[in-house]
Amino acid sequence: MTSRTDKLPTGFGRLWTAQTVSSLGDGVTHAALPLLALTLTRDPMALAVVTAAGTLPWLLFGVLGGALVDRWDRRRTMWVADAARAVLLAMPAAAAALDVLSIPLLAAAAFLLGLGGLFFDTAATAYLPDLLGRDPALLERANSRLRGAQTAASGFAGPPAGSALLALGRAVPLLTDAVSFMLSALLVRSLPAVPRPVSEARESLLRQARAGAAYVFRDRLLLGLALRPAVGNVAFVAVETVLALFAHDRLGIDTYGFGLLLTAEATGGLLGAGIASFLGRRLGTGTALTCTAAVEGLAVLGLAAAPNPYAAGLALAVCGAGMGATMVLGPSLRQAVVPAHLMGRVASTSRMLAMCAAPFGAFLGGWLATTYDVRTPLYAAAGLLLAMTAVTATMTGNRRVEAALRSAASTGGAGHPASGEPVREGVPGRQQPAEVSER
């Protein structure tokens, strides 16, 4: 892929800064939240409830949220969502300061934060290709930088800071994340406006949402790209649900050590994001995606068998590298081939499949740990990841990827990836000529 420009536009720098600041706050909360929950209960199922609550908005409102984003101004949607999340975090922070924090309150806060994340993430995914003129090479470079910064902030710097801030008071990590959301909202509000594609026909919200979902399910490439994170989330959330307990009980890791363990995963993720473009060029995007998925499964298997914290940290670093590369290559490809007026709905449908799978992973992890052993969810997760790799390998192969990119280039970003024919919103699954040229 070749870029039509030499560098990323100025507006991207502000978007990058906003997401980096917000990701730093997310990393603080990511480490602090399970540790806060552990101060309230040792029940794995109660911990699973908190984990699952943050993903439920995608199950309930995912596709409809994408349809709304395709109607709304995407920049405004982003900054309003971040401002709302900043205000929301004040509630559990106050409860923690007053020593009235509870598992139901943590679960409710996680749910509302997840709802804000639904709108922000969908709008950001749709805004980026408009900002970059849908240039495939620029999208890959931009996503690599965004993913690298997100990994460094939320995984490398945030978790140790979250563990340290928790020692200062239970409300401190939550207030830190609230400040990061507010700073992000101010930066996003200053981003340049981009024209939003408008549908030709003013259809009902449900009909537009159905058209976006059908667009994903009838195309093998987009479906394959969606299935990877969906199955992956079942596996990774099963691991995440018991990771703090596994680290404490089986590896003898204390609170600060748990933050360092998460940092090991982030270090690998930073490396993976940095080499994603190189892997795509050398192996082809399709083959690279298959290889990184296999690496993730093998790394989780190594984590399950880890005899000490050092081996566990190495396994998480390798897993993070696979995830980092995957999360650059997959979204960049989707943004390059999906028509602009469908980008919000396609992104939200894909993300919904992934996020809806997460509650199953949370309860699977809690149930397996309760019924068998705290290592069992890790072995089950490794099996799921390796099976997913085999199933989706042909769906996202190099030939299919190249055909999709050629189709999008020939139609100016308005064609269906599989067919190369333009698609007009209307009856799902029916291709029609179009008069109009997506923490």
Side-chain angles (χ1 to χ4, degrees), residues 26-27 29-59 92 102-111 113-114 117 154-155 158-159 162-163 166 229-251 253 255 257-259 261-262 264-266 269 296-297 299-306 309 312-313 315-316 319-320 323 353-385 388:
D26 288 343
T29 301
H30 180 62
L33 198 61
L35 295 174
L36 275 173
L38 278 175
T39 66
L40 301 173
T41 181
R42 303 282 295 178
D43 182 1
M45 289 304 294
L47 299 177
V49 168
V50 175
T51 303
T55 65
L56 286 179
W58 290 92
L59 174 63
S102 64
I103 291 294
L105 180 58
L106 281 178
F111 177 86
L113 287 171
S154 66
S163 299
L166 188 61
V231 177
N233 262 9
V234 175
F236 290 127
V237 175
V239 173
E240 181 182 344
T241 298
V242 300
L243 186 59
L245 196 59
F246 170 77
H248 183 272
D249 292 355
R250 291 306 179 98
L251 300 177
I253 296 176
T255 297
F258 180 68
L261 190 65
L262 296 180
E265 181 181 4
E296 292 168 13
V300 172
L301 185 62
L303 175 64
L316 279 174
C319 183
M323 293 173 63
L353 291 176
M355 299 300 287
C356 287
F360 295 101
F363 288 111
L364 177 66
W367 176 73
L368 288 175
T370 302
T371 306
Y372 299 100
D373 179 80
V374 74
R375 290 185 189 268
T376 305
L378 280 65
Y379 285 115
L384 281 173
L385 289 170
M388 175 270 299

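Keep in mind the model is a prediction, meaning the values are calculated, not measured. Positions are given from 1 along the sequence.
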Apply side-chain hydrogen bond (donor to acceptor under 3.5 Å, both in side chains) to R250 and list each qualifying residue two or more places apart in sequence or on a separate chain.
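side-chain hydrogen bond (donor to acceptor under 3.5 Å, both in side chains) check on R250 returns D373.
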Quick one: does [X]'s side chain get under 4.5 Å of [Y]'s, heavy atoms only?
{"X": "L378", "Y": "V242", "result": "yes"}
{"X": "L385", "Y": "F236", "result": "yes"}
{"X": "F360", "Y": "V237", "result": "no"}
{"X": "D249", "Y": "R42", "result": "yes"}

Sequence neighbours excluded, every pair satisfying salt bridge (Lys or Arg N to Asp or Glu O under 4.0 Å) that has a member inside [range]:
{"range": "residues 356-368", "answer": "none"}
{"range": "residues 46-56", "answer": "none"}
{"range": "residues 237-248", "answer": "none"}

Can you see which heavy atom on [X] is nearest to which on [Y], and at what distance?
{"X": "A381", "Y": "V239", "answer": "CB-CG2, 3.6 Å"}
{"X": "A244", "Y": "F258", "answer": "CA-CE1, 3.6 Å"}
{"X": "P57", "Y": "A53", "answer": "CD-O, 3.5 Å"}
{"X": "P92", "Y": "A109", "answer": "CG-CB, 4.0 Å"}
{"X": "G365", "Y": "P377", "answer": "O-CG, 3.4 Å"}

For [X], give me all partners under side chain to side chain contact (heavy atoms under 4.5 Å, CB included), at least two apart in sequence or on another chain.
{"X": "A380", "answer": "L368"}
{"X": "A354", "answer": "P229, N233"}
{"X": "V234", "answer": "A357, L364, L384"}
{"X": "L301", "answer": "Y379, A382"}

Between [atom1] on residue [X] and [atom2] on residue [Y], distance to nearest 0.5 Å:
{"X": "L316", "Y": "L261", "atom1": "CG", "atom2": "CG", "answer": "5.0 Å"}
{"X": "L251", "Y": "L245", "atom1": "CG", "atom2": "CG", "answer": "11.0 Å"}
{"X": "T241", "Y": "F246", "atom1": "OG1", "atom2": "CZ", "answer": "14.0 Å"}
{"X": "F363", "Y": "T370", "atom1": "CZ", "atom2": "OG1", "answer": "11.5 Å"}

Non-neighbouring partners of D43 that pass salt bridge (Lys or Arg N to Asp or Glu O under 4.0 Å), sequence neighbours left out:
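None.
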